[in-house]
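Here the structure is a predicted model, which means the values were calculated and not measured. Order of appearance sets the numbers: ligands from 1, and atoms from 1 within every ligand.
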Amino acid sequence: MFDSAVYRRRRAALVASMQQAGQCGIMIFAGNDDLPSQGSASSVFRFRQDSAWVYFFGVDRPLWAAVVDIDSGEEKLYADDVDIDDIVWMGPQVPVSEMAAGAGIAATAPAAKWYEDVRKAIEQGRRVHFLPTMRDGNIQRLVRATGYPYDAVRTTGSGAGAHASEEMIKAVVALRLIKEDCEIEELDAVGELGFQMHEIARNAIAPGVYEDEISAKMEYFAKLRGWGLSFETILSQHGETLHNCARHTPIAADRLVVVDAGVESFSHYASDHTRTYPATGKFTPRQRDIVQIVADCNALAFSLTRPGITYREVHIATVRLMLERLKDLGLVHGDIDEMQAAGVGGLFMPHGLGHNMGLDVHDMEEYGENYVGYDPDQQRAKQLGLGNLRMARVLRPGHVVTDEPGIYFIPALIGQFKRDGIGRDFVDYAKLESYYDFGGVRIEDDVLVTPDGARLLGKRRLPASPDEVEAAMKR
Ligand code: GLY
Ligand code: MN
């Protein structure tokens, strides 16, 4: 946990922001509960606290709740102290009052009182603001507290009504998107752990080695040096499948291996890096061409990243370079602007350039991707690729984004484009079909926007270009 002053300051900023937006009433928070993994209350998944809870209160325990009064500024935490039965099973526990003090809050009450207090506020006609959540247990607790129907709690809206609060989402997103110095320190530290975890992968890649043998070594490191993985590792010789978490095959000598993985620190900050390796340590000429393009796209995006530019513009410029270079290879032809308008970029990169990152690897997306990644005056595109961009906003110092271009040869998608006649005038489908067995390439760094540009998080940068990768894999 950070110093209690950090949490007090964040909550005060949230209250001030809600007041400035003309809001009144109370904000209620539900920390996460334990998730059962099997049919027994004592068989649960490892506890992961809700990220908004981590941000505003820090207390890393299940089943806590809070009320923050926008009108009076009063704050109260709700949790139960353990009894002797719990101590027998769990060992001695820090008292609720002591943990609450760590969050900078003196007022505490038993967990059951939260439901009473929320219900009382609703009966008094006060507006109750809460964030949307993906965790069913939290939805159920919000249903119980507010008396609103399940579907209403899952819905987001503005103004009074039975729904999650758009005004609160906007205020929380505005705060959490701009990382504080203490957060940047955590992100730098976990970025270095991400570097070390990827080194483990790179050193283990060889023909015949099972993909999961490598990912298991990575996970061991992540659990030893941090809280664990920041998301399920993507380690695959079928990198053309974007989120390929199937890892059960031995690596073949002619394949590229995409490794997309991150560490979550004990303080719950994420890293998220991707590199693409040749199984043998040496790229074929065809692999080298594509990996070089992606490395150049990643470098271009980084060089453009600075305050004032939109990440949408950076995405578009990056895809433009990608198409120019694919044109040099003869896979596409014609005018680049026309190609982009026709959506040809999405055939090769059917995802956006990057996303926000922080306490969540895809930061705050459970509140709605557009609230997090789009400024109010930005419209999300419909096109494959650009429309998948999760972070389009005007960049500001303190934003943390990923820079993760990729090129993928997805037989099903190529077939679909061809059948639908998309890019008919630009794509050499016959040539493209010779890449059906190629796989995919992605290169990803974690980037902090600074007052005068950008820098990578972590101390060291993983080898990315074909020359750098081959040098690092020399054994
Ligand atoms: N690195 C996984 C993702 O960005 O979705
Ligand atoms: Mn990512």
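What you find for Gln383 and Ala341 is that their closest heavy atoms are NE2-O, 3.1 Å. Across all their heavy atoms, Glu211 and Ala246 have their closest contact at OE1-O, 3.9 Å. The two atoms that bring Gln237 and Arg255 nearest to each other are O-NH2, 2.9 Å, heavy atoms only.
The OG atom of Ser165 sits 10.5 Å away from atom CD1 of Ile28, with the distance rounded to the nearest 0.5 Å.
Residues of the protein with a heavy atom under 4.0 Å from ligand 1 are Phe231, His243, Asp260, Asp272, His355, His362, Glu404, Glu444, listed by chain and number.
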Next item on the list: Dump the intermediate steps for ring pair (Phe, Tyr, Trp, His ring centres under 6.0 Å) on His351 and Tyr408, then the final yes or no.
Entry: CA-CA 10 Å; His351 63 71; Tyr408 312 88; 5.3 Å; yes
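Ring-centre distance between Phe56 and Phe29: below the 6.0 Å cut-off.
Looking at Glu232 and Arg247, a side-chain N of the basic residue comes within less than 4.0 Å of a carboxylate O on the acidic one, giving a salt bridge.
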Could you tabulate the donor-acceptor pairs under 3.5 Å formed by side-chain atoms of residues 417-425, not counting sequence neighbours?
unit_1, atom_1, unit_2, atom_2, d
Lys418, NZ, Glu433, OE2, 2.9
Asp420, OD2, Gln416, NE2, 3.0

Please report, to 0.1 Å, the donor-acceptor pairs under 3.5 Å made by any side chain of residues 1-8, with sequence neighbours excluded.
unit_1, atom_1, unit_2, atom_2, d
Asp3, OD2, Ala5, N, 3.0
Ser4, OG, Arg8, NH1, 3.4
Tyr7, OH, Phe2, N, 2.8

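Of all protein N/O/S atoms, those under 2.8 Å from the Mn ion (ligand 2) are Asp272 OD2, His355 NE2, Glu404 OE2, Glu444 OE2, and waters are not counted.
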